[in-house]
2 protein chains.
Amino acid sequence: MRINIKFSVALHCLVFIAEKQEHIKITSAILAESAGCNPAVIRRILNTLQSAGIITTLRGVGGNYLAKEPNAISLYDVYAAVEPENLPHFIGIHANPSEHCPVGANIENVLLSAYDEIEKAAFDKMKSISLQQIIEKHCATIEK
Amino acid sequence: MRINIKFSVALHCLVFIAEKQEHIKITSAILAESAGCNPAVIRRILNTLQSAGIITTLRGVGGNYLAKEPNAISLYDVYAAVEPENLPHFIGIHANPSEHCPVGANIENVLLSAYDEIEKAAFDKMKSISLQQIIEKHCATIEK
DNA sequence: AATAGTTGTAACAATAAAAGTAACAACTAT
DNA sequence: ATAGTTGTTACTTTTATTGTTACAACTATT
């Protein structure tokens, strides 16, 4: 029922990395502390962000860096990186409808066409929001 | 991570009920057979649809009937009925960010404001699609 | 009033998915 | 070589969802 917290953890890490102080190396241990979860979990998520070309991780020496400008990273890019298995569908459909029933035999296709529209609306909105906007919102929140 | 199949099962039942033949009483057992799940599960879902004023169930004698015209029932109405706990938020946020970190202390509010927009886009689209449209799509699919 | 069929609902079990954990090999600057 | 870090695997724990069973409550019919 819900989109996993991986998406939120990934955004947390990206904000942290984007706002990093000079000369500070951001390791998975630091991010794990900030996000309140395990370093291995963080590394798994960072791996997917790396594969998607969103960040660069220095192996061996350690440290994570944005691979693009924050305004070139959309929330959809992040979602697609961390939830490839729920792309394009995040609304579940029951698995075993009866094939011997007019409704059961066709419901999946009918629902998929409606869900496509709903999911597209969500994804389009995700595409319209950049990491830059998240960072700006974060700065505004801190100042208050 | 995903919206539960309750939403899909509910729509399945509603299509079945809306297209019912005359003189056929639609029980939870029939719907369970069609949807491929347990009658008690069906009854739980139908209960929520009843509470939301979407269907009428005849207790004792049995049978389920639409309480409104199909064009007066939107997908959002159905979603809100079966997933009240994921209303308004279906995107998860990690629970234990560090309070001692500028990012951890503020990330929830920042993410919520972005998620509000994304979720609103999905909900608006759900509001724009009626059960009537699902039924029409279903009929078109069957004819093919 | 008894019956048959159905729904409402509670308690519990099973399943699946997500997240946490631990361990260690691989890598790199020093 | 060493120290610190990431990559990755295997496993465990936790949580949420779904399935299952059972039975009380309800209603039309006889």
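Quick note on labels: first sequence line is chain A, next is B, and so on, each numbered from 1. All figures in this text were calculated on a predicted structure; none of them were measured in a lab.
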Is the shortest side-chain N/O distance from [X] to OP1 or OP2 of [N] below 4.0 Å?
{"X": "Thr27(A)", "N": "dT5(D)", "value": "no"}
{"X": "Gln50(B)", "N": "dG8(C)", "value": "yes"}
{"X": "Asn64(A)", "N": "dT5(D)", "value": "no"}
{"X": "Asn38(A)", "N": "dA19(C)", "value": "no"}
{"X": "Thr57(B)", "N": "dT7(C)", "value": "no"}

Looking at [X], I want to see if its [atom1] is surrounded by more than 12 non-hydrogen atoms of other residues, nucleotides or ligands under 6.0 Å.
{"X": "Lys68(B)", "atom1": "NZ", "result": "yes"}
{"X": "Gln133(A)", "atom1": "CD", "result": "yes"}
{"X": "Glu69(B)", "atom1": "CD", "result": "no"}
{"X": "Lys137(A)", "atom1": "NZ", "result": "no"}

Among side-chain atoms of Asp116(B) and Ser113(B), is any donor-acceptor pair under 3.5 angstrom?
no
How many whole angstroms separate atom [atom1] of [X] from atom [atom2] of [N]?
{"X": "Ile42(A)", "N": "dA22(C)", "atom1": "CD1", "atom2": "P", "value": "16 Å"}
{"X": "Ile30(A)", "N": "dG4(D)", "atom1": "CD1", "atom2": "P", "value": "14 Å"}
{"X": "Glu83(A)", "N": "dA19(C)", "atom1": "CD", "atom2": "C1'", "value": "13 Å"}
{"X": "Tyr65(B)", "N": "dT6(C)", "atom1": "OH", "atom2": "C1'", "value": "12 Å"}
{"X": "Asn96(B)", "N": "dA18(C)", "atom1": "CG", "atom2": "P", "value": "19 Å"}
{"X": "Ile45(A)", "N": "dT21(C)", "atom1": "CD1", "atom2": "C1'", "value": "15 Å"}
{"X": "Phe7(B)", "N": "dA16(D)", "atom1": "CZ", "atom2": "P", "value": "22 Å"}
{"X": "Ile55(A)", "N": "dT5(D)", "atom1": "CD1", "atom2": "C1'", "value": "14 Å"}

Contact class for Gly60(A) vs. all strands (heavy atom < 4.0 Å): base, sugar-phosphate, or nothing?
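The residue Gly60(A) makes base contact.
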Applying a 4.0 Å non-hydrogen cut-off, can you work out what Leu58(B) is touching in the nucleic acid: base, sugar-phosphate, or nothing?
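Result for Leu58(B) = sugar-phosphate.
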I want to verify a distance call: between [options], whose nearest atom is closest to the [X] side chain?
{"X": "Arg44(B)", "options": "dT21(D), dA10(D), dG19(D)", "value": "dG19(D)"}
{"X": "Cys37(A)", "options": "dT18(D), dA19(C), dG20(C)", "value": "dG20(C)"}
{"X": "Asn4(B)", "options": "dT18(D), dA18(C), dG7(D)", "value": "dT18(D)"}
{"X": "Arg43(B)", "options": "dG8(C), dT8(D), dA19(C)", "value": "dG8(C)"}

Across every strand shown, the nucleotide meeting Watson-Crick or G-U wobble geometry with dT9(D) (both distances under 3.5 Å) is dA22(C)
dA1(C) - base-pair partner by Watson-Crick or wobble geometry, distances under 3.5 Å
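dT30(D) - that is the nucleotide pairing with dA1(C), both distances being under 3.5 Å.
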Arg59(A) (side chain) and dG4(D) (base): donor-acceptor pair under 3.5 Å
no
Between Val61(A) and Gly36(A), who's closer to the 5' end of DNA chain C by nearest nucleotide?
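Result of the comparison: Gly36(A).
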Earlier contact from the 5' end, DNA chain D, for Ala40(A) and Lys25(A):
Lys25(A)
Taking only Lys NZ, Arg NE, NH1 and NH2, and the carboxylate oxygens of Asp or Glu, determine whether Glu85(B) and Lys6(B) approach each other closer than 4.0 Å.
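Salt bridge present between Glu85(B) and Lys6(B).
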